[in-house]
Amino acid sequence: MNASKTKAQIIRSHTITYFNILNLILAGLILLSGQYKNMLFMGIVISNSLIGIIQELKVKKLIDALSVITATKAKLVKEGNLFEIPIEELKVKDQIQVSTGDQIPADCIVRTSEGLEVNESLLTGESLPILKQPGDPLYSGSYIVAGSGVGEIIHTGEDNYATQLVKKAQTKRRATSEMQDSIKKIIQYVSYALIPIGILLYCIQRFRAGASFSDSLVNTVAGVLGMIPEGLVLLTSVSFILGVGRLARKKALVQEMEAIEALARVNVLCLDKTGTITTGELKVEQLLPLHHTEKDTIHTVMNGLVFSFTEGNATTHALQAYFSDTKPYTVTDKLPFSSQRKYMGVTFTGNGSYILGAPDYLTQDKDILQKSEGYASQGMRVLLLCSCPQLPRTREALNHMLTSVNELSLVILSDCIKEDARDTFGFFAEQNVKIKIISGDNAATVSSVGVRAGIEDAGQYIDAGTLPGDPSALSDEVTKYNVFGRVSPEMKHSIIRACQSKGYIVGMVGDGVNDVLALKDADCGIAMANGADAAKQSAHIVLLDSDFSCMKDIVKEGRTVIANIERVSALYLTKTIYSILLCIIFIILGKAYPFIPIQLSLIGATAIGIPSFLLALEQQEGATTAGFLRHVLRISLPGALTLTAVLVMIQLLANAFHSSSALISTLNLLAGGIISLLVVIRVCRPMTKSRFLICISITILFAGALLLFPSFFGALPLWELF
């Protein structure tokens, strides 16, 4: 179910359906029989389609208005100025600027590069970044993980070399929907049974029960009609559509409707620290010189280093706010920060090379690492500034020169906890949802932040670099810890898969390029609107206010939708089950089918259609667990078996007492209506005032129809029964 369908697609999806076509065929058979009143079910079919179309068009209007916020744009370079334009307006030979987090919108040739590194995993499956120099190609669908640059477009639209490949590679895991999968299975099995049962039922009516051609057609249509759970499909669609609309008003853009259910069923929620637990804003607290390095020297180096890069993240912004853009040296080479390396660096003319990054990657000095851990345990973010013989462009190159690296200073930054974080995590704890923080930062730092935010067992942390590579061993390890530090993009993805292998339904919240792989394969991926384009495109839900606290509303909405659908699904499946059983039993008995279509229309309207529509609109949140079919069958199966047994008993007793066909038809209708109404009462438990009114109203409606129009519904006047 895609939340961004066109108007034509919406109309087609609600009109040209398997069940609508089947109902048209059944209506055609009724026309042949000449008993036109039994075509009343087509009025319900048409109404259902109109309701679905109107509701989805309303939501589409709202979603389209919100989608503008997350529309992908490109930075066009023209006459030295930057213009932000929709990617659809790009033309060949246009030049665009790209930087960390951007996804390449069209095939380009690199014209300028400032440490430009590209991840082409969406095209090649290889997630290691590729350094791009002027003249190198940039393929649409890949995204920038470090640096910045300018590219000249050589292909657009369908002419892109990688267009078809990207379509396949970008296919993300669809949000999981146990409910949708269960309903599809029911429809599939019923579809297999419809034609053979219909043919057998007609033959029995016509050639064994002795019914006329007209009555045989009508009885056959009644049997087949009862087996179709068409209202359940509509109810599910409309419930999801209304849920999407309500969430859109709360600034959550649902890109796949099934994501509402997926998130509601999530029992493990993985998230990054920055932007979810913390505000994402950093502040330099102090410099801690090492090996008697002068503070002036540190300031001079940092003044040149932190202003050497045009792109920036929260750390860079904090550093630039603290230091000054004095341009003390000429930069001859630079290496932007990437999540794989965990450091950045520059080379100054005549003044050597310097790198800045995570201490545990840049030094083996135990005293420095101990100091770093001490600050990290207080929730601080710690960087280490070092001088080195030359810039190490890979982690392997760095490892080879660690002995010649000279540590100059620790840079201590603070990270603020969001005001509503503790309340949000308290909600998830009440809902039995485990929170796991997977961050690229130091594990002790992340753990301290998690404890301050009130996350359960946040004190249990591990450095992801020590996790086993074997999937089976990793699955065992991920259940032991709730905080993972120094997590690479690949390891984030592996942790998600490991949780899923243990049977958990996993949600992933992220906003950066390093979250893309995890977002794609999570059961439900959630991205922040102020995050990277690649993250938003990989997610199932986008939080337009970039406010993690609104996750509570999304989960509540999802649980309300699922609880409502599970409750009313029992009404539809009761009819499907007893219709299948009755068809089989009456084929074996060689008897006429106990209902005619007009009677099923009355039962369907009063005991299924009206109450299900009203109950599905309730806003009472219900706890949800896996096992959709189990929950539904717990109510529908006893009701269906009871009705089947009662109707068989009526036929046996009617034969013994030689009752008239009119009396039998009346008793069948009464039994079907009363037991179906009892199922509604069972579904409405625990009874509320509104549910009590629903039960009373549909009972009066059913009784009124039989009292006022008995012959229209193929029954005797009720007073003649006594």
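We count residues from 1, following the sequence as given. These numbers were taken from a predicted model, which means no experiment stands behind them.
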Trainee: Report yes if the side chains of Val110 and Leu138 come closer than 4.5 Å at any heavy-atom pair, otherwise no.
Mentor: yes
Trainee: Ring of Phe337, cation from Lys342 - is the NZ or CZ under 6.0 Å from the centre and inside 45° of the axis?
Mentor: no
Trainee: Looking at Asp547 and Lys251, is there a salt bridge between them, counting it only when a charged N and a carboxylate O are closer than 4.0 Å?
Mentor: no
Trainee: Return yes when atom CD of Glu294 has more than 12 non-hydrogen atoms of other residues, nucleotides or ligands closer than 6.0 Å, and no otherwise.
Mentor: no
Trainee: Would you mind telling me which of Leu410, Leu408, Leu287 makes a side-chain contact (heavy atoms from CB on, under 4.5 Å) with Leu385?
Mentor: Leu408
Trainee: With side chains defined as the heavy atoms from C-beta onward, is the minimum distance between Cys270 and Ile496 less than 4.5 Å?
Mentor: yes
Trainee: Within the distance-only criterion (no hydrogens, no angle test), does the side chain of Arg341 pair as donor or acceptor with the backbone N or O of Pro336 below 3.5 angstrom?
Mentor: yes
Trainee: Taking NZ, NE, NH1 and NH2 as the nitrogens, is one of them in Arg111 or Glu152 under 4.0 Å from a carboxylate oxygen of the other?
Mentor: yes
Trainee: Can you tell me how far the CG atom of Leu305 sits from the CE atom of Met344, to the nearest 0.5 Å?
Mentor: 5.5 Å
Trainee: Indicate yes or no: at least one non-hydrogen side-chain atom of Ile412 is less than 4.5 angstrom from one of Met380.
Mentor: yes
Trainee: Are any of the side-chain heavy atoms of Val77 and Ile96 separated by less than 4.5 Å?
Mentor: no
Trainee: Are Phe484 and Ile495 side-chain neighbours, meaning at least one heavy-atom pair lies under 4.5 Å?
Mentor: yes
Trainee: Take atom CD in Gln286; do more than 12 heavy atoms of anything else shown fall under 6.0 Å from it?
Mentor: yes
Trainee: Verify, without hydrogens or angle tests, whether Thr424 (side chain) and Asp420 (backbone) share a donor-acceptor contact under 3.5 angstrom.
Mentor: yes
Trainee: Determine which pairs satisfy ring pair (Phe, Tyr, Trp, His ring centres under 6.0 Å) with at least one residue from residues 346-401, sequence neighbours left out, and list them in order.
Mentor: Tyr329-Phe348, Phe348-Tyr354
Trainee: With distance as the sole criterion, is a donor-acceptor pair present between the side chains of Thr349 and Thr330 under 3.5 Å?
Mentor: no
Trainee: What I'd like to find out is whether the side chain of Cys386 reaches to under 4.5 Å of the side chain of Tyr343, using heavy atoms alone.
Mentor: no
